[in-house]
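One structure below.
These numbers come from the heavy atoms of this one structure, side chains and all, not from hydrogens, waters or symmetry mates.
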Amino acid sequence: EVYFTDPQNLNDPANWQSSIEGRLIEKINAAQTSIHIASFEFDLTPVAEALIAAKQRGVDVRWVTDDEHGLEADVEPGHGQFAMLQNAGIEVRSDTRSALMHNKFWIFDGQIVWTGSTNITENGIFDQDNNTIVIQSPELAAIYEGEFQEMWGGQFGPRSPSTLDQQIAMVNGSRIVVVFTSEDPALENAIVPIVKSATKSVRFLTFSFTDFPLADAMSQRWKAGVDVAGVFEKFGSETEASELRTLMCRSVPVKQDGNSGFLHHKVIVVDERIVITGSMNYSTNAEENNDENVIIIDSAELARLYLQEFDRVWKLASDPEIETIACG
């Protein structure tokens, strides 16, 4: 299952039943034994109520979150959902680090993995461009469960144990690789090599893209005749750190998002068959400090869905104002 937010048409939190939030609550309501969650932010009361109902019927519900943006933010206006869970006997743990526990994954009954770029918040589901992918696979769920248990036991960041060689699964003939940062460098070991291997096309949608080796790989493939194009979130993309300038100044077709909310995707599609998504922005912080997950799926069928989303976002996007971005 693949879901994309639609902030142009589905932007009313009161109408959550037809949104990604509704799909998530369906999964919660169907869970029979366990719901293990590693998710960055949270402010959706209907989701909290569904989790409490699951707990009351005997489901093992546990949540790992970020400290600053999770538990500490729970006292802010519009929040309080973590307190609801805790008052109902659901344990919530945080990373207690300055770096982020930035994951957005859920594991249902040791069978189903829910992941992507979508935070479980009103902004994430109703204002931003985001994606969610749901995969039924005990093998994949076991990979994510291993990471969940590490964090539940207090192991976060670059010192967490690496099990990269065990993080491969086959689902319906599609090879899936999962990389968890910061114990393993996803950009250096997986994403950049895949982009360098492109022979036909590269498409990307990105909230934060500050990694020069990735931008360089994309521009080199463009120079070699590969069809490369991408959309940056407008906020922050004109800063010194952003690689928008690198790509634009090397004549790679790039645009800035036209959605009034954030383009929050972290998506790359290579050769119309390899989909890279997950929680990780293309930045040094995400690579070296945060807890993130990247999922890489070899599936032309799945790639078609993500390319449709790319086309939708591309049509709404605008060309960068070249006079505001000096090419040296």
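- The structure places NE2 of H79 at 5.5 Å from CD of E76, a figure rounded to the nearest 0.5 Å.
- In this structure, V252 and M218 have side chains that are not in contact, with every pair of non-hydrogen atoms separated by 4.5 Å or more.
- Open room surrounds CD on Q32; 12 or fewer heavy atoms of other groups in view lie less than 6.0 Å from it.
- I276 places a side-chain heavy atom less than 4.5 Å from the side chain of V294.
- For D311, the CG atom is densely surrounded, since the number of other residues' heavy atoms within 6.0 Å is greater than 12.
- The six-membered or imidazole ring of W152 lies away from that of W63, with a centre-to-centre distance of 6.0 Å or more.
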Exercise for the section: Decide side chain to side chain contact (heavy atoms under 4.5 Å, CB included) for I52 and M84; before the verdict, give the C-alpha distance in whole Å, the side-chain angles of both, and the deciding distance to 0.1 Å. Expected result: CA-CA 8 Å; I52 291 167; M84 290 175 61; 4.2 Å; yes
Handout entry: Criterion side chain to side chain contact (heavy atoms under 4.5 Å, CB included) on V92 and T65, from CA distance to verdict
Key = CA-CA 7 Å; V92 182; T65 188; 3.9 Å; yes
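- The line from CD of E41 to CD1 of I120 is 10.5 Å long, rounded to the nearest 0.5 Å.
- For the pair R250 (side chain) and A215 (backbone), a donor-acceptor distance under 3.5 Å is absent.
- Here E272 pairs with K200 in a salt bridge; the nearest charged N to carboxylate O distance falls below 4.0 Å.
- Of all non-hydrogen atoms in K55 and A88, the two that sit nearest each other are CG-O, 3.9 Å.
- At a threshold of 4.5 Å between non-hydrogen side-chain atoms, the residues P7 and Q128 do not count as touching.
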Problem - From CA spacing to verdict: side chain to side chain contact (heavy atoms under 4.5 Å, CB included), D257, W314 - result: CA-CA 8 Å; D257 183 44; W314 182 265; over 6 Å; no
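- Pairing each heavy atom of M170 with each of R175, the nearest pair is SD-CA, 3.5 Å.
- Side-chain N or O atoms of D60 include none that pairs as donor or acceptor with a backbone N or O of T33 at under 3.5 Å.
- F105 and F180 have tilted rings, their planes meeting at an angle from 30° to 60° on a 0 to 90° scale.
- D43 contributes a side-chain N or O that, together with a main-chain N or O of E122, makes up a donor-acceptor pair within less than 3.5 Å.
- The hydrophobic cluster containing F204 also contains L244, counting ILVMFWY residues as joined when their side-chain heavy atoms lie under 4.5 angstrom apart, directly or transitively.
- Within the model, atoms OG of S94 and CD of E68 stand 8.5 Å from one another, a figure rounded to the nearest 0.5 Å.
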Problem - Verdict with reasoning, T163 to Q167, per side-chain hydrogen bond (donor to acceptor under 3.5 Å, both in side chains) - result: CA-CA 7 Å; T163 58; Q167 291 165 197; 2.6 Å; yes
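- Among D129, T5, N119, the single residue meeting the side-chain contact (heavy atoms from CB on, under 4.5 Å) criterion with H264 is N119.
- Enclosure of atom NZ in K27 by more than 12 non-hydrogen atoms of other residues, nucleotides or ligands within 6.0 angstrom is indicated.
- By the 4.5 Å heavy-atom criterion applied to side chains, I133 and Y306 are counted as neighbours.
- Here the rule is side-chain contact (heavy atoms from CB on, under 4.5 Å) with L302, and of I297, V269, I135 only I297 fits it.
- Looking at N259, its side chain does come within 3.5 Å of a backbone N or O of D127 through a donor-acceptor pair.
- Looking only at side-chain heavy atoms (C-beta outward), Q86 and I90 stay at 4.5 Å or farther from each other.
- Across T277 and G116, no two heavy atoms sit closer than the pair OG1-CA, 4.3 Å.
- Formation of a donor-acceptor pair under 3.5 Å by the N290 side chain with backbone atoms of L100 is found in this model.
- Under the 30°/60° scheme for interplanar angles, the aromatic rings of F209 and F232 are found to lie parallel.
- Rounded to the nearest 0.5 Å, atoms CH2 (W106) and OG1 (T115) are 12.0 Å apart.
- Looking at T181, its side chain never comes within 3.5 Å of a backbone N or O of A186 through a donor-acceptor pair.
- At most 12 non-hydrogen atoms from other residues, nucleotides or ligands lie less than 6.0 angstrom from CZ of R273.
- Atom CZ of R57 is surrounded by more than 12 heavy atoms from other residues, nucleotides or ligands within 6.0 Å.
- Of the residues listed (H102, Q155, R97), the one engaging D291 in a side chain to side chain donor-acceptor pair (under 3.5 Å) is R97, and it is the only one.
- When V177, V179, L140 are each tested for a side-chain contact (heavy atoms from CB on, under 4.5 Å) with I295, only one passes: L140.
- The shortest heavy-atom contact between F126 and N11 is O-CB, 3.4 Å.
- Remark: the backbone N or O of F235 is not paired with any side-chain donor or acceptor of Q256 at under 3.5 angstrom.
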Exercise for the section: Output, in order, the C-alpha distance, side-chain angles, deciding distance and verdict of side-chain hydrogen bond (donor to acceptor under 3.5 Å, both in side chains) for E1 and Y3. Expected result: CA-CA 7 Å; E1 301 167 47; Y3 304 111; 2.4 Å; yes
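- Considering N131, T206, T118 as possible partners of H265, the one that fulfils the side-chain contact (heavy atoms from CB on, under 4.5 Å) test is N131.
- Ring pair H69/F40 is tilted by interplanar angle, where 30° to 60° counts as tilted.
- Few gaps surround CD on E91; more than 12 heavy atoms of other groups in view lie less than 6.0 Å from it.
- Listed here is the closest heavy atom pair of V267 and Y282: N-OH, 3.5 Å.
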Handout entry: side-chain hydrogen bond (donor to acceptor under 3.5 Å, both in side chains) between S182 and N289, worked out
Key = CA-CA 5 Å; S182 46; N289 299 309; 6.0 Å; no
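- Within the 4.5 Å cutoff, side-chain heavy atoms of F156 are placed close to those of V64.
- Side chains of F42 and L44 form a contact here, defined as non-hydrogen atoms less than 4.5 Å apart.
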Problem - side-chain hydrogen bond (donor to acceptor under 3.5 Å, both in side chains) evaluation trace for T246 with E243 - result: CA-CA 5 Å; T246 299; E243 294 301 329; 2.5 Å; yes
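- In this structure, R23 contributes its side chain and S19 its backbone to a donor-acceptor pair below 3.5 Å.
- Between G236 and S242 the shortest heavy-atom distance is O-CB, 3.6 Å.
- The 12-atom threshold is exceeded at CD of E26, counting heavy atoms of other residues, nucleotides or ligands nearer than 6.0 Å.
- Atom CE of residue M151 and atom CZ of residue R62 lie 12.0 Å apart, to the nearest 0.5 angstrom.
- No continuous path of ILVMFWY side-chain contacts below 4.5 Å connects L10 to V134, so the two sit in separate hydrophobic clusters.
- K196 has its side chain within reach of V192: a pair of non-hydrogen atoms, C-beta onward, lies under 4.5 Å apart.
- Side-chain atoms of D74 come within 3.5 Å of backbone atoms of Q81 as a donor-acceptor pair (strictly under, hydrogens ignored).
- Of the inter-residue distances, the one linking L263 atom CG with S208 atom OG reads 11.5 Å to the nearest 0.5 angstrom.
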